[in-house]
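First the structure, in the form of structure tokens, and then the observations on it.
In the text below, chain A, chain B and the rest are named by the order of the sequence lines, each starting its count at 1. Just so it is clear, the structure is predicted and the values come from calculations on it, not from any experiment.
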Amino acid sequence: MIGIDAIDDREGRGRRFLIPAFSGPTREKLALLKKKSTQIWKTFRGNTLGMVGFAILIAFLIMAIFASQIMWILSLIAGWDHAYDPFEEVAEVGSGIPPSSEHWLGTDTRGMDILSRVIHGSRVSLLVGIVATVVSMGLGTAVGLLSGYWGGWKDEVLMRITDVFLVLPWLVLMIVLASVLPGGPTVGKVIFVIGITGWSATARIVRAQVFSVKERAFVERARAIGAGDIHIVGRHVFPNVFPLVFANAVLTIALAILSESTLSFIRLGPLATDVVTWGNMLDDAITAGAMANELYLWILVPGLCIVFVVLGFTFVGYALDEIFNPKLRSR
Amino acid sequence: MKHGTKILARKIFNSIITLLLVIIINFILFRMMPGDPINFMVPNDPRIPHEYKLELIEKYGLRDPLLEQFFTYFEDVLTLDFGDSFIFTNTPAMDIVIENLKWTLVLTGTSSILMIVIGMTIGIYAAWKRGSSFDTGSLAFSLFFYAMPTFWLAMMLIIVFALHWELFPPDSALTYGETFEFSISSIVDLLRHLVLPATCLTLVSIGAFVLIMRGSLIDVMTEEYITTAKAKGLTDSETLKHHAVPNAMLPMVALIAIDIAYIVGGAFQTEYVFNYPGIGWTTIDAVYKSDWPILQAAFFLIALAVIVANLIADILLVYMDPRVKMG
């Protein structure tokens, strides 16, 4: 994979915000960590795109946490008789009803309020996006650290496995996994499927980073005074690759959210009767013929929600990448 | 050149290993499925005689030791035999997949050419006019479409261009009931059906090309040989054409290789929404109908295609990169 070699090369250079190997008492470490974070936050604040992304994400986070409360406030403002629950049948079942003052975005085939479903749908998107990313980052970091640290034939074996996940089209792999794995279509399964498909790029990046870190003086020094492998990887190598993994993770969340909505849309995600996701709302819409029936808001709003959440994570991810990656910074 | 040959040999070796791993994964995955495979082949219908089931078990070797099953399977893979489709009985699954592959190639081929040509042009211009409103605009455009779910963009295109303005047909690859023949009307029909899906796939994938071309060109333009070229008295466009762009092409070729995986993912969604009868549509349809031979055949064929495409890109890169040749 020459493409990845190119990335290796890019990541191989020195880094601006390397967190040094800690050795002093805990208090000193914390003070140092605090100083670093303040420094990073200051740089981040200067990045317009990053701050726009951050604002978008805060908005969606509030939407996800306070979904029911937001519906309640809206019901007071609009004078609805109560706050509609996303699974409540509030209108007649059929092919969907156009927007009205009672239901701002209309109701769907099951007679459920679309606005309420859109607002509650943010929960699954964020949850799946973040948890699946934690899974794939964990896997990718573990494989990358071990591979880079071990080197030799073990590295070779791990990298060939990584290659498989790297070249195979992500959606195809997810479709096959989602359809052959046992168990019903649950949120947990979607998280697993996305997590297990998306770790390979991280493994590559971490491995390249480990190769460049492990020859540095402080690692040699640690080894010279008798530090074991686990100690070196955990205390010296990992802290140095972490910032990059973090920037990469934020970009991966964007992809995970896109994957979740796609799986839900092609009915390999959770069922619309159990869990609301923007993806399965759009599947409902296309199945109900919302395109031909001119129920445009039903399609437009969930889709735009996905676009903006993904943009939010992408903006923040690029901003972090610029902070942690001096090569990009100098441009 | 010796160094180059060594790299090539290694790339080819790695590709073969990757392919072997894919074959193993394909085997394991489809044996991980819950339930007895025989129940997938024959519905649990009391009218079907038990003897028929036993016959099938015998025929497919479903009770053989796992290792033996693997070797039988491996032989079948080498002859591209994945058994008959469950739904279209007496038709080999591979035949169906290959039949549909041609539509995917029409769609991805058209889109790839469009996204490379347009993406590179925008990227070069953005890098040249760095910091201008065109540059910012192209960046916003790229990120916006990058963030967009492909299936949703497809729905939007259908609403606007097929249902509202009725400019292009909303689905299928040809008018229903027609088959393709080499006549003007048939080609026009094919192109009319191709416009929206190809636009969709191009738009969602073009962003990466714009961003990488721009980034790579900006990198190259800070190199000393560009300053030298300018100092020699070359005009800006000469410098760009003869020195900057050729050197900025390497990451582009690498990107095309990596992007194949994303283009295939995009093609799956595009085909699904537009009912375009390609391999993606077939695969998703096979999932709905539990037609496992088709799913297995499609998975293998896509993996094979992607691995070969990656290898070709790698070989191209080796030949293009002057550093490799000299070493």
Which atoms of A:F313 approach chain B - backbone, side chain, both or neither, heavy atom under 4.5 Å: neither
Between A:F265 and B:Y272, what is the ring plane arrangement, given parallel below 30°, perpendicular above 60°, and tilted in between? perpendicular
Going by side chain to side chain contact (heavy atoms under 4.5 Å, CB included), B:F268 matches just one of A:I266, A:L171, A:T262. Which one? A:L171
Looking at every heavy atom in both B:M155 and A:L282, which two are closest together, and how far apart are they? CE-O, 3.9 Å
Does any backbone or side-chain atom of A:L49 lie under 4.5 Å from a heavy atom of chain B? Answer side chain, backbone, both or neither. side chain
Part of A:L300 lying under 4.5 Å from any heavy atom of chain B: both
Which bit of A:Y296 comes within less than 4.5 Å of chain B, counting heavy atoms only: side chain, backbone, both or neither? side chain
Restricting to non-hydrogen atoms, name the atom on B:P149 and the atom on A:V307 that form the minimum distance, rounded to 0.1 Å. CD-CG2, 3.9 Å
Shortest non-hydrogen separation from A:L258 to B:M148 and the atoms involved: CD2-C, 4.1 Å
Among B:I17, B:T18, B:L21, whose side chain to side chain contact (heavy atoms under 4.5 Å, CB included) with A:D163 holds? B:T18
Might you point out which heavy atoms bring B:V306 and A:V167 nearest each other, and give the distance in Å? CG1-O, 3.0 Å
Under 4.5 Å from any heavy atom of chain B, what part of A:E294 do you find: side chain, backbone, both or neither? neither
Which heavy-atom pair separates A:S179 from B:V287 by the least distance, and what is that distance? CB-CG1, 3.7 Å
For the residue pair B:W152 and A:S261, establish whether any side-chain heavy-atom pair is separated by less than 4.5 Å. no
